[in-house]
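Remarks on the structure that follows.
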Amino acid sequence: MKLSKENAEHYMLQMYQVRAFEEQAEKSYMAGKIHGTMHLSIGQEASAIGSISTLEPTDFIIGHHRGHGLCIAKGADLNLMMAEFYGKENGYCRGRGGSMHIADVAGGNLGANGVVGGGIPMAVGIGIGLKMKAENQVLLAFFGDGAASTGAFHESMILAVLFQVPVVFICENNQYAMSFSANDWTTSKKIAAHGEIYGMAGSCSTDGNDLIEVKAAVGAAVKRAREGGGPSLIVNDTYRWRGHSKSDRNRYRTTEEIEEWKKKDPILKFRAYCVKEKLLTEKEADQIKEKGYSDIEAARVFAEASPDPKVETLEEGVYAP
Amino acid sequence: MKLSKENAEHYMLQMYQVRAFEEQAEKSYMAGKIHGTMHLSIGQEASAIGSISTLEPTDFIIGHHRGHGLCIAKGADLNLMMAEFYGKENGYCRGRGGSMHIADVAGGNLGANGVVGGGIPMAVGIGIGLKMKAENQVLLAFFGDGAASTGAFHESMILAVLFQVPVVFICENNQYAMSFSANDWTTSKKIAAHGEIYGMAGSCSTDGNDLIEVKAAVGAAVKRAREGGGPSLIVNDTYRWRGHSKSDRNRYRTTEEIEEWKKKDPILKFRAYCVKEKLLTEKEADQIKEKGYSDIEAARVFAEASPDPKVETLEEGVYAP
Amino acid sequence: MREITFLEAIREAMTQEMERDSRVFLIGEDIGEYGGAFQVSYGMLEKFGHERILDTPITELGLTGAAVGAALIGMRPIAEIMFMDFTTLASEQLVNQAAKLRFMFGGQSSVPMVLRTPAGSGTGAAEHHSQSFENWFVHVPGLKVVMPTTPYDVKGLLISSIRDNNPVVFIEHKLLYKTKGEVPEEMYEIPLGKADIKREGKDLTIIATGIMVQKSLAAAEELIKEGIDIEVLDPRTLRPLDTESIVKSVKKTGKVLIVHEAVKTGGFGGELAGVIAESEAFGYLEAPIIRLAGREVPIPYNRDLEKAAVPQIEDIVEKARELATLKV
Amino acid sequence: MREITFLEAIREAMTQEMERDSRVFLIGEDIGEYGGAFQVSYGMLEKFGHERILDTPITELGLTGAAVGAALIGMRPIAEIMFMDFTTLASEQLVNQAAKLRFMFGGQSSVPMVLRTPAGSGTGAAEHHSQSFENWFVHVPGLKVVMPTTPYDVKGLLISSIRDNNPVVFIEHKLLYKTKGEVPEEMYEIPLGKADIKREGKDLTIIATGIMVQKSLAAAEELIKEGIDIEVLDPRTLRPLDTESIVKSVKKTGKVLIVHEAVKTGGFGGELAGVIAESEAFGYLEAPIIRLAGREVPIPYNRDLEKAAVPQIEDIVEKARELATLKV
Ligand SMILES: Cc1ncc(C[n+]2csc(CCOP(=O)(O)OP(=O)(O)O)c2C)c(N)n1
Ligand SMILES: Cc1ncc(C[n+]2csc(CCOP(=O)(O)OP(=O)(O)O)c2C)c(N)n1
Ligand SMILES: [Mg+2]
Ligand SMILES: [Mg+2]
C-alpha cells in the first residue's frame with residue numbers, strides 16, 4: 001500500500017491535531033476551566049486515524065469513552081468539539097454530553113459512550129440497519145481491551161456473525177482497563193482468536209502504533225464488509241501514555257514501562273515513515289505539526305468565547321417530537 | 001474405566017427414575033393436577049447422571065431450568081421432589097419454587113434456575129467460596145447450549161479462569177434453545193473451543209448420550225479441579241425428545257430428526273453396555289426399571305397426599321432472620 | 001364489530017405497520033418459527049421473511065442494543081423480551097442508551113423503537129417469569145411506558161408507539177392475551193399520554209393499571225349492586241402520565257383507590273399517590289389515598305400462594321367498599 | 001472524638017469486619033492497586049492480599065453473581081459496582097437471584113452479601129456516571145436498601161449490612177465521600193430499618209435521603225433565621241422503611257416536604273408520599289405532600305445544567321418556606 005502525498009499530509013495533520021487537542025484538554029482541566037473527568041488517548045493516535053482513514057465520508061463510526069481521536073479522525077469540526085469539551089451551548093451536544101459523549105451524527109460519528117461495552121450492541125443494530133438500507137455503508141465499532149470482557153461483547157459478536165452485519169469491530173488494546181492489565185485477563189492476547197471462533201473471517205491483531213499496518217488490516221476488513229463478507233474483529237495493540245482518567249495514580253504500572261512505550265510514539269513512527277518514503281520533508285512535517293497545534297489553539301479560543309447553555313433550557317430535548 | 005456392579009445398578013436405577021419422574025410429570029400435567037410449565041430432560045439422562053456420578057456427597061451442583069435429572073442424580077429424595085413439583089408445603093421449597101426451582105441445599109444441590117445463564121455467575125462465586133473454605137470440594141455447574149450465548153457465560157468464564165475456581169462447567173447441548181438451533185448459532189460446535197481460549201485446560205465435547213464417556217470426561221475435570229488445576233468446560237452433546245416446554249409446537253424440527261435421536265436413547269445405550277460388560281443381566285435391568293417406576297409412583301402418591309401451603313404463610317421466608 | 005383477542009390485536013398492529021413502513025422490523029428470541037413464547041408473532045415469519053423477523057439466540061442485552069442501534073440510524077425496530085423478568089438483563093441498553101442518546105447528543109439523534117414484553121403473574125411460572133417492573137422504566141426520563149388493557153387499546157397504542165420517535169416500553173400482561181374485544185380492522189392511533197375512563201362513577205375513583213383494570217371493572221359491577229358507584233380510570237400510558245384526567249376524577253369523587261399488580265413498595269402506586277397528594281385534588285380528598293398492590297414477596301409457584309400474592313377481584317371489592325363507605 | 005471522612009469510615013468498617021470475620025471479602029473492579037475509583041479500598045490490598053481483595057475485569061453481571069454464589073455457601077462478600085449506573089448490568093443477579101433465592105427455595109438458603117455502589121451527580125461525569133436508582137431496588141422484596149448520610153452512620157450501617165443475613169444494596173453519594181464527622185474507632189452497629197431525626201423541628205417535616213439530608217439541614221439553618229423550624233428526618237434504610245418514625249413526625253408537624261436527588265417521577269418520594277397518604281398521618285396533614293426531586297432529564301455535563309437538574313439548598317429553602325407558611 002502506497003500513500004498519496006495528500007493523504008500522508010492529512011493523516012499527519014490529524015495525528016497532531018489529536019495530540020494537541022488532548023494536551024490542551026489536559027491544560028484546560030488543570031487550569032480549572034473544565035470539570036468532570038476525561039480520558040486521553042495520547043499514544044494511541046495511529047489506531048484511530050489508521051482505522052478511520054479506510055472509510056468513505058458516508059460511512060459510520062461508533063466510539064467509546066476515550067474518543068477524542070476517533071472524532072477528529074472522522075472529520076469533526078474542532079471548534080464544535082472543543083466547545084463540547086468546555087460544555088458550551090454551541091458544542092456538538094449543546095454542552096450536555098462533554099468529553100465522554102461527543103457525537104457528530106451528520107459527520108457519521110454516532111457517538112462516544114460512558115459505559116464500557118455500551119456501544120458494541122448498538123453497533124450490531126447499526127449494522128442491521130445499514131444492511132436493510134442497502135446503501136453499501138460500513139460501520140467501524142471501537143472499544144477497549146476492557147470491553148472485550150463484558151457480556152455485551154460476547155452477545156454482540158454472536159449476533160454480528162448471525163446477521164452478517166457490515167461492521168468492523170476494533171478493539172483498541174492499550175494494555176489496561178484502568179488498572180486491570182490485559183495480561184491478567186488470561187484471554188487478552190486471544191481476543192482475535194475468539195473472533196475467529198465466533199466466525200469472523202480475517203480477525204487479527206496489529207501493531208496499533210503503526211498507522212500503515214492498521215490501515216491495511218482495517219482496510220481489508222472494511223472491503224470485505226462492504227462486499228457482503230460480514231463482520232471482522234481487529235485488535236490494535238497500543239498504549240495509553242496518560243493515566244486512565246483524572247483519578248488515576250498510576251500505581252499499577254512502572255515508569256519504565258511507560259517510557260518504553262513512549263519510544264514507540266505512533267506520531268514519530270508515522271512521521272519517520274513519511275520522510276523515509278519521501279511523502280513529507282522534515283520541514284513540511286514541522287509545518288503540519290504547527291498547523292495542528294494552531295488549529296487547536298483556535299478551537300480553544302472559540303470554545304472559551306462560546307456561550308454556556310441557558311439553565312431554562314434544561315428540560316429541552318429529552319424527547320423527540 | 002471399569003464400573004462396579006453396585007455403581008452400574010445405581011446409575012441404571014437413577015436413569016429409570018429420571019425417565020419415570022418426567023413421564024409422570026407429564027401425565028400429572030395433562031391430568032390438570034399441575035399448573036405452570038415444565039421442561040423435560042427425557043433423552044438427556046446420561047449427561048446428568050454420568051456427570052454427577054463423579055462427585056463426592058460433599059460436592060455441589062448448580063443447575064438450570066431443565067433440572068429434574070440433575071436433582072435425582074445428586075440424590076434428591078423423590079418424595080420431596082415430587083411434592084415440590086406439585087407445589088406442596090412439604091416439597092423441597094415448600095411449594096414456592098416448583099419444577100423450575102428445585103433445590104436440595106443439604107444434599108449439595110444449590111438449585112435450578114428460571115433465568116437462562118442465571119446460575120453461571122453464581123457458580124464462579126461458589127467456586128471462590130469453596131476455594132476460600134479449602135475443604136477440597138468441587139462444583140459442577142450445568143447450563144444449556146442456549147446459555148452459552150449469554151453475556152453471563154462469557155463474563156463467568158473469564159472470572160472462573162482468573163480466580164482458578166474448582167468448578168467444572170457443563171454445557172448440556174441438546175441442539176436447541178427453544179427453537180433456536182445450535183447450528184444456527186455459528187459458534188455452537190465451538191463452545192469447547194472457546195473454553196480452551198479462555199484458558200480452561202481440557203475443555204472438550206462428549207457423546208452426551210453415553211454415560212461412560214461423560215463420566216470419564218467429567219471425572220478427569222473434577223479430579224483436576226479438586227487438585228487445584230482450575231476450571232474446565234465440557235460440552236455434552238445430547239437431545240431433548242420432548243418439546244421445549246408446554247408451549248412448544250415443535251415447528252422448528254422434523255419428526256425424522258426426533259426419531260433419529262430416539263434411536264440413540266441413553267438409557268438403552270447404558271443398559272446394553274451393562275449387559276455386554278456383564279454388570280447386569282437383562283432380568284436385573286428389568287427389575288431395576290420396575291423399581292425406578294415404582295419409586296416414582298410412590299412419590300406421586302406421597303405428593304398428592306401432601307398438604308398445600310397455607311395462604312397465611314405467604315410472606316414468610318422472604319428475609320433471613 | 002369484529003371481535004379478536006388482545007394477542008391478535010398486537011399481531012395485527014405489528015403486521016399492518018410492517019406493511020405500511022419498511023423501516024419496521026421485529027427482533028427477539030424465538031419469534032420466528034416458534035411464533036414467540038406466547039405465539040404473538042405466529043405466522044409473521046412466513047409473511048415477512050428472515051430479513052424482517054430477526055430471531056436471535058439468548059442475548060437480551062445484545063438484541064436490545066441491536067434495536068437501539070438500528071433505531072439510531074432511522075429504522076423502527078420492535079424488540080421482544082420474552083418475559084419482563086429478563087429486562088433486568090437488557091436495562092443497560094434501555095436506560096443508559098436508548099433513553100439518553102437524544103439528550104446526551106444535544107438533540108442530534110432519536111431512538112424510535114418499541115420494546116414489547118409480557119409481564120405479570122398468574123401462569124404458574126413462578127419467581128423468574130412473573131414480575132412487573134413498570135415503575136423502573138417510569139423512573140427513566142427519555143423512555144415512554146405503555147400498559148394497554150383491552151384489545152382495542154392495545155392495537156391503537158401499539159401503532160402509536162411504533163410511530164413515536166422515542167423509545168417505548170410496551171408492557172403486556174400475559175393473562176390479557178386471550179381476552180377478546182371489538183377491534184376495527186383499519187389502523188388507528190390512540191395517543192400516548194391519554195388516560196381512559198373505563199367506567200364512570202361518582203363515589204370512588206379506582207386508578208388501575210394492566211390486568212387490574214379488568215379486575216377493577218369486575219369489582220365495580222359487584223359494588224354497584226350495593227349502590228356503590230365506582231369510576232375506573234386506566235392511565236394506559238404511565239410515562240408520560242395524564243395527570244389532568246387523574247386530578248379531575250379525584251376531585252369529582254373525593255376518594256381514590258390505586259390498584260396494581262406490581263409489588264406495592266416502590267411501585268407505580270406511590271407515584272400516583274404522590275401526584276394526587278401534591279395536586280389541587282388534595283383539598284378534595286375525603287379519605288386517605290389507598291394502594292392495593294402486590295404483596296412483598298417474589299411470585300411463588302403454588303397456585304393459591306400465587307393468587308394471594310397479587311390483588312384479586314374480591315380484594316378490590318373489599319377495599320373499595322371499605323373506602324367508599326368510610327366517613328372521615 | 002476523632003473526625004474522619006465518610007470514605008474513611010467505609011474503609012474502616014470493611015477493614016474491621018474483615019479482621020473480625022474471615023468470611024468477609026471484597027470483589028469489584030480496580031479495588032486493588034488502584035484503590036477503587038474513589039479510593040475507598042485504598043490500602044486494603046496490602047493488608048488482606050489478593051485472596052480477599054478480588055480485583056475483576058469489567059464484568060458487572062459476573063462479579064455480582066460471584067458475590068451471590070459465594071454468599072449462598074456462607075461467605076460474606078462485599079461487591080462494589082463502580083458507579084450505580086452500571087447496576088443496570090448487574091440487576092439480573094441482584095433482583096432475580098440474590099433477592100429471591102431464599103424464598104424460592106423455601107428457606108433453605110440465605111444470601112448474606114452487600115453491594116456497595118457510589119451514586120449521584122455533582123462530579124461533572126454526565127449522563128452515564130451520575131444516576132440514582134435506589135427506588136428500583138426498594139421495589140424488590142428480598143433486598144434491603146441503605147443510604148447513609150454521615151460518617152458516623154455509614155460506619156454503623158455498613159457493619160450492620162455486612163452482618164445482615166440478606167442482600168443489602170448500599171448506596172453512597174459521591175459528594176459525601178469527603179465530608180467529615182466524628183466516628184468512634186470501635187465497631188458499632190446501627191440497626192437497619194431505623195430512621196434518624198437529624199434535626200428536630202415543629203413547623204414542617206423534611207424527609208430527605210442521601211446527600212439531600214445535608215442540603216436539607218443547611219436549608220433548615222437558613223430558615224430558622226426566619227423563624228421557621230424544620231424537622232429533618234433521614235430514613236437511612238429505605239427498605240425496610242421506618243414508617244412509624246415518619247408517621248410520628250408528620251403527625252407532629254402536619255406538613256411534609258420530601259427531598260431526593262433521583263428523578264422525581266417513579267422515585268422513592270412517591271413511596272414516601274404513598275406511605276404517608278394512606279397512614280393515620282393523613283388526617284393530620286395541613287397541606288399537600290410536596291416532593292422536591294431530580295428533574296425529568298438525564299444528568300447533563302455542563303456544570304450549571306448539572307446543578308439545575310437536582311435540588312440545591314436554595315430550592316429546598318424556597319419550597320420549605322412556601323410550604324411552612326402555606327395556610328390551607
Ligand atoms: C460497564 C462499565 N464498568 C466500569 C466502568 C468504569 N470504567 C471506565 S473506563 C474503564 C476501563 C476501560 O478499559 P478499556 O475498555 O480497555 O478502555 P481504555 O480505558 O483502556 O481505553 C472502566 C473500568 C464503565 N465506564 N463502564
Ligand atoms: C435470560 C432468559 N432468556 C430467555 C428465557 C426463555 N427460555 C427459557 S429456556 C430457553 C432456552 C434455553 O436453551 P438452552 O440453554 O439450550 O437449554 P434447554 O432448554 O435446551 O435445555 C429460553 C430461551 C429465559 N428463561 N431466560
Ligand atoms: Mg484498555
Ligand atoms: Mg438447549
Side-chain angles (χ1 to χ4, degrees), chain A residues 34-38 65 84-89 91 93-101 113-118 144-153 177-182 184-188 244-245 247-253 308-319, chain D residues 28-39 42-43 45-46 50 55-65 82-83 85-90 92-93 121-131 174 263 265 294-310 312:
Chain A
I34 301 294
H35 79 152
T37 189
M38 75 185 85
H65 58 285
E84 186 57 36
F85 185 76
Y86 271 75
K88 298 302 181 81
E89 177 66 28
C93 307
R94 303 183 59 199
R96 271 69 174 168
S99 164
M100 223 179 335
H101 302 292
N113 212 295
V115 180
V116 170
D145 47 292
S149 64
T150 65
F153 168 79
M178 290 185 64
S179 66
F180 204 92
S181 160
D184 289 352
W185 175 35
T186 40
T187 66
S188 87
H244 164 71
S245 70
S247 75
D248 193 347
R249 283 151 185 80
N250 270 323
R251 293 190 196 108
Y252 51 88
R253 58 181 184 175
D308 272 316
K310 291 212 176 61
V311 168
E312 311 83 72
T313 65
L314 173 64
E315 293 191 350
E316 281 178 16
V318 178
Y319 290 94
Chain D
E29 294 162 15
D30 303 288
I31 59 170
E33 275 109 343
Y34 203 97
F38 294 93
Q39 303 298 303
Y42 177 56
L45 177 64
E46 285 70 60
H50 287 288
D55 228 329
T56 73
I58 306 171
T59 53
E60 278 76 11
L61 183 61
L63 78 89
T64 303
M82 200 185 284
F83 289 86
D85 312 70
F86 311 144
T87 59
T88 49
L89 289 160
E92 193 287 303
Q93 286 290 316
S121 67
T123 65
E127 288 83 352
H128 287 163
H129 291 75
S130 306
Q131 295 172 83
K174 291 153 211 165
V263 168
T265 299
R295 302 277 290 275
E296 306 297 319
V297 294
I299 300 294
Y301 170 66
N302 173 278
R303 202 187 302 243
D304 301 333
L305 294 183
E306 185 186 24
K307 276 210 178 122
V310 305
Q312 302 298 337

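Lettering of chains follows the sequences in order, A, B, ..., and the numbering in each one begins at 1. A quick note: this is a predicted structure, and the numbers were derived from the prediction, not measured.
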Nearest heavy-atom contact between D:Tyr301 and A:Gly98 is CD2-CA, 3.2 Å
When the 4.5 angstrom heavy-atom criterion is applied to A:Tyr86 and chain D, the contacting part is backbone
Of D:Ile58, D:Thr56, D:Leu89, the largest count of non-hydrogen pairs under 4.5 angstrom with chain A goes to D:Ile58
With the side chain counted from C-beta on, respond yes when A:Met100 and D:Glu127 share a heavy-atom pair under 4.5 Å apart, and no when they do not. no
Is there side-chain contact between D:Tyr42 and A:Arg249, with at least one heavy-atom pair below 4.5 Å? no
**Prompt:** Mind checking whether A:Leu314 and D:Arg295 have side chains closer than 4.5 Å, heavy atoms only?
**Reply:** yes
The interface call for A:His65 against chain D, heavy-atom contacts under 4.5 Å, is neither
**Request:** Would you mind reporting whether A:Val318 and D:Pro298 have side-chain heavy atoms less than 4.5 Å apart?
**Result:** yes
Turns out that what part of A:Asp248 lies under 4.5 Å from chain D's heavy atoms comes down to both
Nearest heavy-atom approach of D:Asp55 to A:Phe180 is O-CE1, 3.6 Å
Here the pair of heavy atoms bringing D:Asp30 nearest to A:Ala177 is OD1-O, 3.5 Å
Okay, D:Leu305 and chain A: the region with an atom under 4.5 Å from a heavy atom over there is both
*asked:* In the structure I gave you, are the side-chain heavy atoms of A:Val115 and D:Asp85 within less than 4.5 Å of one another anywhere?
replied: no
